[in-house]
Asks: 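Mind looking over this structure? Questions follow.
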Amino acid sequence: MAAVPHGTSPLSEQLGVDIDPELLQRALTHRSFAYENGGIPHNERLEFLGDSVLGQAVTVMLYTTLPDLDEGSLAKRRASVVSTVALAEVARGIGLGAHILLGKGEERTGGRDKDSILADTMEAVFGATFLSAGPDAATALVLRLIEPLLGDPERYGAAMDPKTALQEIAARRGLSAPEYAVVSTGPDHDRRFTATVTVGALSTEGTGTSKKTAEMAAALAAWNVLNDRG
């Protein structure tokens, strides 16, 4: 890997990619921060681009490395890897939340650890990488970051279907079946859901733009805790 030029940001250096500082800052700027600071550019356009970069990189990788899988199986695997829950896990793995620029409201409500914000920002970083370093560097970054998820069959399965994975690990540990509670906030056009799942004495939360994604995020968080306990 080529050395990162002097003067790049800590995140760019950590990722091993020379990302234009202005583009990287935009990728890290959540709309809540932008609105509170005079309507400066935020990361949603880069997120749109990064979503395509991510999808293509994963699609080509799965197609070339899994020649025996049919279209339906490939589609399921791709969906699991590019899901909000999986991307948020990738983002947490590199400590992305600490770098995000958030408005005061999102900061107060734990925005740095919300699955939706982490996943969207991760996609924006992929978009900024594509524009700064080109498609090959962006693809390489995507694959490097998701490889650990694909390389761990149990974790991959949990990311693909976290509610089932949580139910199974709870049963193996002799714990009660997971119980979910969901609340929603915000206007109809920007509804946010927060799910809480309880398994025995363990309680974890997850957020999303739908009840389903919030429950999946909460389930994966609980699965990670139980799995890490061994």
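Quick note: residue numbers are just sequence positions, from 1. From a predicted model like this one, the values you see are computed outputs, not experimental measurements.
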Asks: Check whether any side-chain heavy atom of I40 sits under 4.5 Å from a side-chain heavy atom of F33, and report yes or no.
Replies: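 Result yes, sub-4.5 Å side-chain heavy-atom pair found.
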Asks: Test of understanding: clusters of I, L, V, M, F, W, Y form through side-chain heavy atoms closer than 4.5 Å, transitively. Do L74 and L143 belong to the same one?
Replies: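 Result: yes, single cluster for both.
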Asks: Any sub-3.5 Å donor-acceptor pair from S12's side-chain atoms to V17's backbone N or O?
Replies: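 It does hold such a pair.
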Asks: Can you find a heavy atom in the side chain of M122 that is under 4.5 Å from one in the side chain of L145?
Replies: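 They are in side-chain contact.
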Asks: Tell me, do K114 and R192 make a side-chain contact under 4.5 Å, heavy atoms counted?
Replies: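 K114 vs R192: side chains apart.
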Asks: Under a 4.5 Å cut-off applied to non-hydrogen side-chain atoms, are I100 and R112 in contact?
Replies: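 Answer yes - side chains close enough.
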Asks: Is there a path from L141 to L87 through hydrophobic residues (I, L, V, M, F, W, Y) whose side chains come within less than 4.5 Å of each other?
Replies: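 Both belong to a single hydrophobic cluster.
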Asks: Nearest heavy-atom pair of V142 and V58: which atoms, and what distance?
Replies: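 So the minimum-distance heavy-atom pair works out to CG1-CG2, 4.3 Å.
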Asks: Looking only at non-hydrogen atoms, find the nearest pair between L15 and R144 and report the distance.
Replies: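 Looking at all heavy atoms of both residues, the shortest contact is O-NH2, 2.8 Å.
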Asks: Starting at CZ of R78, measure out to OG1 of T59 and round the result to the nearest 0.5 Å.
Replies: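 Going from CZ on R78 over to OG1 on T59, the span is 4.0 Å.
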Asks: Just by distance, do the side chain of R77 and the backbone of L62 share a donor-acceptor pair under 3.5 Å?
Replies: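 Looks like no, no N/O pair under 3.5 Å.
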Asks: Just wondering, do D51 and V82 contact through their side chains at under 4.5 Å, heavy atoms?
Replies: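 Result no, sub-4.5 Å side-chain heavy-atom pair not found.
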Asks: Just by distance, do the side chain of E36 and the backbone of K104 share a donor-acceptor pair under 3.5 Å?
Replies: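 Flag set: sc E36 to bb K104 pair under 3.5 Å.
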Asks: What distance separates D18 CG from T129 OG1, expressed to the nearest 0.5 Å?
Replies: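 So the gap between those two atoms works out to 10.0 Å.
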Asks: Would the distance check show the side chain of E215 and the main-chain N or O of K163 forming a donor-acceptor pair, the cut-off being under 3.5 Å?
Replies: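 No.
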Asks: Which heavy atom of G200 sits nearest to which heavy atom of S176, and what is that distance?
Replies: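 Residues G200 and S176, closest heavy atoms: N-OG, 3.4 Å.
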Asks: Within the structure provided, determine whether I169 and R172 are in side-chain contact (heavy-atom separation under 4.5 Å).
Replies: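 Yes, side chains in contact.
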Asks: What are the two closest heavy atoms between A88 and A119, and how far apart are they?
Replies: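 Reported closest heavy-atom pair: N-CB, 4.2 Å.
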Asks: With side-chain contact (heavy atoms from CB on, under 4.5 Å) as the test, would you mind laying out the steps for V90 and L118 before giving the verdict?
Replies: CA-CA 9 Å; V90 169; L118 287 170; over 6 Å; no
Asks: Is the closest basic N to carboxylate O distance between K76 and D70 below 4.0 Å?
Replies: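 Judged by the 4.0 Å cut-off on N to carboxylate O distance, K76 and D70 do not form a salt bridge.
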Asks: Report yes if the side chains of T194 and T185 come closer than 4.5 Å at any heavy-atom pair, otherwise no.
Replies: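 T194 does not reach T185 side chain to side chain.
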Asks: V182 and W223: same hydrophobic cluster, using ILVMFWY side-chain contacts below 4.5 Å?
Replies: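 Per the 4.5 Å side-chain linkage, V182 and W223 are not co-clustered.
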Asks: Is Q25 atom CD crowded by more than 12 heavy atoms from other residues, nucleotides or ligands, each under 6.0 Å away?
Replies: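 Open.
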Asks: Report the C-alpha distance between H42 and Y35 in whole Å, list the side-chain angles of each, state the deciding distance to 0.1 Å, and finish with yes or no for side-chain contact (heavy atoms from CB on, under 4.5 Å).
Replies: CA-CA 9 Å; H42 52 73; Y35 294 161; 4.1 Å; yes
Asks: So N43 and D120, side-chain contact (heavy atoms from CB on, under 4.5 Å) or not? Walk me through it.
Replies: CA-CA 8 Å; N43 64 8; D120 291 348; 5.6 Å; no
Asks: Tell me whether S132 contacts the main-chain N or O of D20 through its side chain, where contact means a donor paired with an acceptor under 3.5 Å.
Replies: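 Checking the backbone N and O of D20 against the side chain of S132, a donor-acceptor pair under 3.5 Å is found.
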Asks: Do L101 and L24 belong together in a cluster built from hydrophobic side chains that touch within less than 4.5 Å?
Replies: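 No, because L101 and L24 fall into different hydrophobic clusters, even though each may have its own neighbours under 4.5 Å.
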Asks: Using 0.5 Å steps for rounding, measure from the CD1 atom of I117 to the CG atom of L102.
Replies: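 Result: 5.5 Å between the selected atoms.
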Asks: Taking L220's backbone N and O only, do any of them form a donor-acceptor pair with N224's side chain (distance below 3.5 Å, no angle check)?
Replies: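 Side chain of N224 to backbone of L220, a donor-acceptor pair under 3.5 Å: yes, one is there.
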Asks: Of V197, L166, V199, which is the lone residue that meets side-chain contact (heavy atoms from CB on, under 4.5 Å) with T204?
Replies: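 Between T204 and the candidates, side-chain contact (heavy atoms from CB on, under 4.5 Å) is satisfied uniquely by V197.
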Asks: Quick check for you: to the nearest 0.5 Å, what is the distance between R31 atom CZ and E47 atom CD?
Replies: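 Output value for this atom pair is 9.0 Å.
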Asks: Identify whether I94 and F130 are in the same connected component of the hydrophobic contact network (ILVMFWY, side-chain heavy atoms under 4.5 Å).
Replies: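 Per the 4.5 Å side-chain linkage, I94 and F130 are co-clustered.
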Asks: Nearest 0.5 Å, please: how far is CZ in R26 from CG in L46?
Replies: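 L46 atom CG to R26 atom CZ measures 6.5 Å (nearest 0.5 Å).
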Asks: Measure across S184 and R191 and return the closest heavy-atom pair with its distance rounded to 0.1 Å.
Replies: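 Smallest heavy-atom distance, with atoms named: CB-CD, 3.5 Å.
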Asks: Considering all heavy atoms of both residues, which atom of A133 and which atom of A137 are nearest to each other, and what is their separation?
Replies: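 For A133 and A137, the tightest heavy-atom pair comes out as CB-CB, 3.5 Å.
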Asks: Checking M61 against V81 for the side-chain contact (heavy atoms from CB on, under 4.5 Å) test, could you report, in this order, the C-alpha distance in whole Å, the side-chain angles of both residues, the deciding distance, and whether it holds?
Replies: CA-CA 12 Å; M61 182 271 293; V81 174; over 6 Å; no
Asks: Rounded to the nearest 0.5 Å, what's the gap from CG on L226 to CG on L175? Could you check?
Replies: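 Answer for the CG-CG pair, L226 versus L175, is 6.5 Å.
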Asks: Side chains of T213 and D115: closer than 4.5 Å at any heavy-atom pair?
Replies: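 No, their side chains stay 4.5 Å or more apart.
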